[in-house]
Amino acid sequence: MGIGPSTKETTLHHFRDPLLNIVSNDDDVDLLGIIVAGTPQENEDKVFVAQRAASWVEAMRADGVIVSIDGWGNSNIDFATALEEIGKRDIPVVGMSFVGTQAQFVVTNQYMDTIVDFNKSKDGIETEVVGENNVVELDAKKALAFLKLKMKNKEAQK
């Protein structure tokens with residue numbers, strides 16, 4: 001479980017990250033920053049990391065957040081907890097994950113209502129092709145469009 005060859009982001013992918021490029025070049029949003037968080041082993045630590053990240057987002061007064069994960073299985077706990085901690089603070093949040101044919105997360109919550117699946121393999125599975133199941137420009141555009149819609153809906157409810 002976790003990161004495999006096809007979901008492993010190469011150094012080149014990080015230098016040309018499609019999500020960062022799309023969000024940072026969009027005139028409708030202001031990119032406040034990027035939080036890189038690891039996936040601790042213990043559940044108590046997973047919750048702590050998610051709470052700290054959400055507190056940081058809240059302190060920056062972010063209008064919305066995109067959370068992306070490059071693993072699955074035990075890492076789903078970190079992902080779900082981060083989405084929940086951000087959502088509980090009434091901040092619109094969209095997730096990005098490799099889902100494929102596994103089609104379910106180890107844990108879920110009400111804030112996991114908008115997930116962009118960046119599976120690219122025909123069979124919807126982890127493959128041995130390095131970088132095959134990575135975020136591409138279309139995935140990033142979908143995530144940003146979902147986030148803008150959630151932010152707009154929140155504003156309309158005020």
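We use all heavy atoms of the structure for the numbers below, so side chains are in, but hydrogens, waters and symmetry mates are not.
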When rounded to the nearest 0.5 angstrom, what is the spacing between [atom1] in [X] and [atom2] in [Y]?
X    : Y    : atom1 : atom2 : answer
T108 : D113 : OG1   : CG    : 11.5 Å
D117 : K142 : CG    : NZ    : 8.5 Å
I125 : T127 : CD1   : OG1   : 7.0 Å
Q41  : I77  : CD    : CD1   : 9.5 Å
N133 : S121 : CG    : OG    : 4.5 Å
N153 : L149 : CG    : CG    : 4.5 Å

Any pair with a residue in [range] that passes salt bridge (charged side-chain N to carboxylate O under 4.0 Å, His left out), sequence neighbours left out, goes on the list, sorted by first then second residue, please.
range          : answer
residues 22-36 : D26-K148, D28-K148
residues 14-24 : none
residues 42-57 : K46-D78
residues 53-64 : E58-R89

Hphob cluster co-occupancy, [X] + [Y], side-chain heavy atoms under 4.5 angstrom:
X    : Y    : value
I86  : L32  : yes
V29  : I34  : yes
I69  : W56  : yes
M151 : L19  : yes
V129 : V136 : no

Looking only at heavy atoms, which two atoms of [X] and [Y] are closest? And how far apart?
X    : Y   : value
A53  : I35 : O-CD1, 4.0 Å
V49  : A37 : CG1-CB, 3.8 Å
A140 : P18 : CB-O, 3.7 Å
S24  : L31 : CB-CD2, 3.9 Å

Got a donor-acceptor contact below 3.5 angstrom from the [X] side chain to the [Y] backbone?
X    : Y    : result
K88  : L83  : no
N76  : V106 : yes
T101 : G124 : yes
N109 : A80  : yes

Do [X] and [Y] have side chains that approach each other closer than 4.5 Å (heavy atoms only, starting at C-beta)?
X    : Y    : result
F118 : S68  : yes
V65  : P92  : no
M96  : V135 : yes
E137 : I22  : yes
V94  : K150 : yes

Salt-bridged, K152 to E155, with N to O below 4.0 Å?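 Here K152 does not pair with E155 in a salt bridge, since their nearest N and O are not under 4.0 Å apart.
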For F79, what residues pass the ring pair (Phe, Tyr, Trp, His ring centres under 6.0 Å) criterion, not counting sequence neighbours?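 In terms of ring pair (Phe, Tyr, Trp, His ring centres under 6.0 Å), with neighbours along the sequence ignored, F79 is linked to F105.
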Between F146 and the options I66, V93, T114, the side-chain contact (heavy atoms from CB on, under 4.5 Å) test singles out T114
For D139, check salt bridge (charged side-chain N to carboxylate O under 4.0 Å, His left out) against everything at least two apart and list the hits. K120
Taking atom OH of Y111 as the centre, report whether more than 12 heavy atoms of other residues, nucleotides or ligands fall under 6.0 Å from it.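 Atom OH in Y111 is packed in, count exceeds 12.
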